[in-house]
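Below you'll find the structure, written out as structure tokens, and then a few comments.
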Amino acid sequence: MYIVHSPTHQRHQPPYEIFNGEQTPHNEVPARADQIANALTAAGYGLEPVRLELDLAEIENVHDSNYLQFLKLTCEELKESEYRYPSVFLYRSGRESGNPLAQLGNYSFDMYTPLLHDTFEVASQSAACALQVAQTVLQAAQAGEATAGYALCRPPGHHAEFNQMGGYCYLNNAAIVANFLSAHGRVATLDVDFHHGNGTQHIFYESDRVFTASIHADPDWKFPFFSGYGDERGRGKGRGYNLNRPLQHGVTDDEYQQVLEEVLGHISSFRPEFLVVSLGVDTHESDPIGGFRLTTAYYTRMAKTIASMNLPSVIVQEGGYNTKLLGTNVVAFLDGFEH
Ligand code: Q9C
Ligand code: ZN
């Protein structure tokens with residue numbers, strides 16, 4: 001398993017989340033990636049540091065260039081110790097505003113996802129990790145080999161929309177990879193994070209080149225609330241190329257497995273040539289913000305099931321917030337993928 005990480009992720013350290021007007025501890029902490037990296041090393045996996053530089057011009061199908069400029073310039077303007085949270089959001093007036101406070105609200109959809117001085121650089125490196133894995137997986141595929149790679153991305157990406165940050169995400173790492181691979185063949189994305197992958201869904205909503213599938217907490221119950229329902233199937237050319245399976249509180253290993261097999265059946269019918277997996281382990285029974293009941297042992301079975309598709313695969317790290325168990329769960333998944 002080819003694994004890429006970026007040791008400089010620590011410089012992105014959101015100070016808190018604003019929930020109901022209060023400062024609450026931020027869940028997306030540097031310890032997450034450190035703990036996964038340590039567990040991988042202890043399990044005998046080798047980690048490559050990222051060397052690729054993200055070329056913004058190459059991701060303009062995935063993200064609005066104005067949004068990218070906003071992220072870059074806002075972060076550059078901040079001092080080392082400063083941060084910015086949005087306060088005012090778009091109110092559908094049909095007008096735009098260049099006021100910095102208005103811009104922040106325009107390009108955000110929640111108050112969990114602040115900008116800090118190093119956020120854009122760290123998010124770019126996170127995306128670069130995913131792209132570096134994708135390049136390697138593509139090369140192997142072109143040589144006739146169906147290999148898999150894992151990108152230890154932090155910050156995560158699947159909530160990031162074409163022109164909005166949210167859900168701890170700034171750049172949609174999985175969408176960037178899917179877009180890159182789609183130049184070489186049909187791509188399916190499978191999102192197994194606890195939360196719906198709204199950004200990935202919307203970025204490819206009108207595309208018949210990328211089939212998007214997500215298994216997640218019912219959005220009537222959990223974040224991101226405004227999408228992830230079963231009747232969202234895609235639009236225009238993309239009609240029929242999006243699949244959501246919202247699930248209720250307390251889902252067990254066996255219940256999840258049934259849904260996974262059904263979803264993989266739909267993915268197979270699309271005959272993809274590449275698979276991008278958005279891996280969140282916030283589906284675990286002891287995740288502090290989840291609500292499913294998956295066990296560590298199940299991640300191995302989940303991964304074996306996905307790997308049985310036998311496709312060149314890029315696994316991208318998304319959520320998972322139990323900093324004691326994250327590494328164990330990711331190792332369980334990668335072990336299953338390889339065997
Ligand atoms: N106070 C990912 O898993 N809601 N993002 C948190 C807790 C936001 C999760 C509420 C959850 C975002 C990548
Ligand atoms: Zn999540």
Side-chain angles (χ1 to χ4, degrees), residues 9 12 14-33 35-36 85-86 89 108-114 119 122-123 126-127 129-130 151-161 164-177 189-203 212-228 244-247 249 251 256 276-294 299 302 315-323 325-326 329-330 333:
H9 73 87
H12 170 63
Y16 47 76
E17 310 183 5
I18 303 280
F19 180 73
N20 193 30
E22 314 263 7
Q23 296 184 6
T24 61
H26 207 286
N27 291 296
E28 206 290 283
V29 292
R32 296 179 59 246
Q35 209 261 342
I36 296 173
Y85 285 79
F89 294 95
S108 301
F109 65 84
D110 65 23
M111 297 173 91
Y112 307 140
T113 318
T119 300
V122 172
S126 182
C129 289
L152 206 186
C153 294
R154 179 178 178 270
H158 73 149
H159 294 304
E161 296 272 348
Q164 281 184 311
M165 52 191 174
Y168 319 148
C169 302
Y170 305 87
L171 299 178
N172 195 316
N173 307 313
I176 289 168
V177 163
T189 66
L190 171 63
D191 191 319
V192 295
D193 186 276
F194 175 74
H195 304 93
H196 172 234
N198 57 288
T200 315
Q201 167 171 315
H202 293 140
I203 287 164
T212 46
S214 181
I215 306 172
H216 49 261
D218 191 323
D220 242 346
W221 163 44
K222 287 280 182 179
F223 185 92
F225 306 112
F226 295 102
S227 68
N244 285 326
R245 285 294 176 267
L247 304 177
H249 183 264
V251 160
Y256 195 101
V276 179
V277 180
S278 270
L279 173 63
V281 289
D282 37 9
T283 47
H284 190 260
E285 55 187 346
S286 69
D287 192 87
I289 71 172
F292 290 170
R293 260 190 265 160
L294 304 192
Y299 290 113
M302 181 198 282
I315 302 158
V316 175
Q317 186 63 46
E318 302 285 1
Y321 303 97
N322 182 331
T323 50
L325 275 180
L326 267 173
N329 289 336
V330 170
F333 187 93

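Every number for a ligand or one of its atoms is a count from 1 in the order of the listing.
Within 4.0 Å of ligand 1, the residues that place a heavy atom are Glu17, Tyr112, Pro156, His158, His159, Gly167, Tyr168, Asp193, His195, Phe223, Asp282, Gly319, Tyr321, listed by chain and number.
Exactly one residue among Thr113, Asp110, Asn198 makes a side-chain hydrogen bond (donor to acceptor under 3.5 Å, both in side chains) with His159. That residue is Asn198.
Checked against the 6.0 Å centroid threshold, His26 and Tyr168 count as a close aromatic pair. Proximity of the aromatic rings of Phe109 and Phe225 is defined here by a centroid distance below 6.0 angstrom, and this criterion is not met.
Closest approach of Gly290 and Lys222 over heavy atoms only: O-NZ, 3.8 Å.
Residues His195 and Asp193 have side chains that bring a donor and an acceptor to within less than 3.5 angstrom of each other. Between the side chains of Thr212 and Asp191, no donor-acceptor pair is found at a separation under 3.5 Å.
Crowding of Phe19 atom CZ: a count of heavy atoms from other residues, nucleotides or ligands under 6.0 Å not exceeding 12.
Here Glu318 does not reach the Zn ion (ligand 2): none of its N/O/S atoms is less than 2.8 Å from the metal. Among the atoms of His195, an N, O or S atom falls under 2.8 Å of the Zn ion (ligand 2).
Distances from the Zn ion (ligand 2) to the N/O/S atoms of Asp282 are shortest for OD2. Residue-level check: among N/O/S atoms of Asp193, OD1 sits closest to the Zn ion (ligand 2).
Taking OG of Ser108 as the start and CD of Gln164 as the end, the distance is 7.0 Å to the nearest 0.5 Å.
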